[in-house]
Number of protein chains: 2
Amino acid sequence: MPSTIEDFSQYLNKRQLKLTQGRKAVLQEIFLQPGHLEAEDLWRSLRRKKRRVSRATVYRTLDLLVDSGMVRKVDLGHGHSHYEKALLQAHHEHMVCLECGKVIEFSDKEMEGDLDKLCKKSGFEHTAHRFEIFGYCGECSKS
Amino acid sequence: MPSTIEDFSQYLNKRQLKLTQGRKAVLQEIFLQPGHLEAEDLWRSLRRKKRRVSRATVYRTLDLLVDSGMVRKVDLGHGHSHYEKALLQAHHEHMVCLECGKVIEFSDKEMEGDLDKLCKKSGFEHTAHRFEIFGYCGECSKS
DNA sequence: CTTCTTGCAAACCATTTGCATCATT
DNA sequence: AATGATGCAAATGGTTTGCAAGAAG
């Protein structure tokens with residue numbers, strides 16, 4: 001939370017936007033969570049504890065956070081978006097178990113290297129990517 | 001179209017489903033298209049030419065095709081799904097240009113190898129994956 | 001003939017938006 | 001004060017669904 005709010009504040013200042021209570025709350029909450037969460041969860045969490053913000057504000061703030069690069073919007077194939085902090089945490093991808101819904105996070109250096117080479121080869125300037133693997137986790141593939 | 005319909009027919013038979021005109025039309029149309037297309041496009045194409053099917057039928061058939069493994073549902077970050085034939089075509093991934101919207105298809109053997117190794121290492125049974133790279137294509141990164 | 005499909009329109013659901021009111025700078 | 005943010009509820013837009021009427025086996 002320390003430099004995180006600082007970063008967000010700077011981002012907001014640059015575009016003459018204001019650092020409000022609602023925005024602070026959303027930011028704190030998402031950085032409090034260990035993994036990815038959906039907008040609705042975030043809204044419910046906030047409502048349960050400290051601040052009572054509207055869903056609209058949650059979505060609007062999430063957009064800002066994604067745009068600022070501090071939060072990553074991920075699609076785990078549930079028909080709606082999930083969000084996770086992008087800073088202070090190694091870049092990683094997801095393996096989603098289609099049976100139990102478990103999400104395994106992973107990262108792979110070789111793969112990242114391949115990705116970079118690939119983009120260079122195609123003259124493509126890589127700014128982000130989405131990579132999810134679907135299948136069955138160790139538990140579920142046994143059955 | 002020859003063995004394609006055959007395959008679909010078999011799939012349907014197995015679950016006591018019927019091979020109807022509407023389903024045939026959707027199948028043919030998606031296999032006629034060179035790349036990915038959205039449900040709405042498919043619906044418009046069909047309506048323009050031969051068969052007049054409802055959007056509901058398009059979506060219902062698409063679900064069946066995806067479930068049968070003949071069609072792949074892809075998310076190009078447009079807020080709605082795209083579909084593309086999975087058979088008779090090399091497996092590939094997408095690079096999406098955030099500026100002009102162009103979609104470059106690619107495939108990379110090394111990467112696929114890494115992916116397989118990775119899944120094995122994690123005891124994860126890989127059935128599908130989604131991989132999209134976002135950024136700027138050669139044209140747009142110049143500016 | 002029975003069962004499964006279709007079309008239609010209404011329902012859904014996550015997300016967005018218009019607008020009057022409120023908070024931050 | 002002035003500008004931007006919020007909440008609300010209504011709008012959106014892709015997708016799903018209930019049901020009566022039609023096709024396929």
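Checked by distance alone, B:Arg60 brings a side-chain donor or acceptor within 3.5 Å of a matching partner on the base of C:dG7.
The phosphate of D:dG4 (OP1 or OP2) has no side-chain N or O of A:Thr20 nearer than 4.0 angstrom. An OP1 or OP2 oxygen of D:dA5 is reached within less than 4.0 angstrom by a side-chain nitrogen or oxygen of A:Arg23. One finds a side-chain N or O of A:Ser81 lying less than 4.0 angstrom from the OP1 or OP2 phosphate oxygen of C:dT15.
A donor-acceptor contact under 3.5 angstrom links the side chains of A:Glu29 and A:Gln33, judged on distance only. Counted by atom type alone, A:Glu93 and B:His129 present zero donor-acceptor pairs between their side chains at under 3.5 Å.
Along DNA chain C, the nucleotide nearest to A:His82 and the one nearest to B:Thr57 differ in position, and the one closer to the 5' end is contacted by B:Thr57. Taking the nucleotide of DNA chain D with the nearest heavy atom to each of B:Leu19 and B:Tyr83, the more 5' of the two is matched to B:Tyr83.
Under a cut-off of 6.0 angstrom, the local environment of NZ in A:Lys120 is sparse, with at most 12 non-hydrogen atoms contributed by other residues, nucleotides or ligands.
Heavy atoms of B:Arg15 sit nowhere under 4.0 angstrom from any nucleic acid atom. Here A:Gln21 lies in heavy-atom contact (under 4.0 Å) with sugar-phosphate atoms only. Residue contacts for A:Gln16: at a heavy-atom cut-off of 4.0 Å it reaches the sugar-phosphate backbone alone, with no base atom in range.
The B:His80 side chain lies nearest to D:dG14 when the options are D:dG14, D:dA5, C:dG7. Listed nucleotides: D:dT15, C:dT17, C:dT15. Nearest to the side chain of A:Ala56: C:dT17. Nearest to the side-chain atoms of A:Tyr59 among the listed nucleotides D:dT16, C:dA14, C:dG7 stands C:dA14.
The interatomic distance linking A:Phe8 (CZ) with C:dT24 (C1') rounds to 14 Å, in whole Å. Put simply, CG on B:Leu27 is 15 Å from P on C:dT5, counting in whole angstrom units. Look at NZ on A:Lys18: it is 12 Å from P on D:dA2, rounded to the nearest Å. As a whole-Å value, the separation of A:Leu12 CG from D:dT3 P is 19 Å. As a whole-Å value, the separation of B:Lys24 NZ from C:dT5 C1' is 14 Å. With rounding to whole Å, A:Asp41 atom CG is found 11 Å from C:dA14 atom P. Between the P atom of D:dT6 and the CG atom of A:Leu62 lies a distance of 13 Å, rounded to the nearest Å. For the pair A:Asp63 CG and C:dT17 P, the interatomic distance rounds to 9 Å; values are reported in whole Å.
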### Query
Given the rule in the salt bridge (charged side-chain N to carboxylate O under 4.0 Å, His left out) test, do A:Lys117 and B:Asp108 qualify, once you have shown the distances and angles that lead to the verdict?
CA-CA 10 Å; A:Lys117 272 189 285 180; B:Asp108 188 82; over 6 Å; no
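Atoms CE and CG, from B:Met111 and A:Leu118 in turn, are 6.0 Å apart once rounded to the nearest 0.5 Å.
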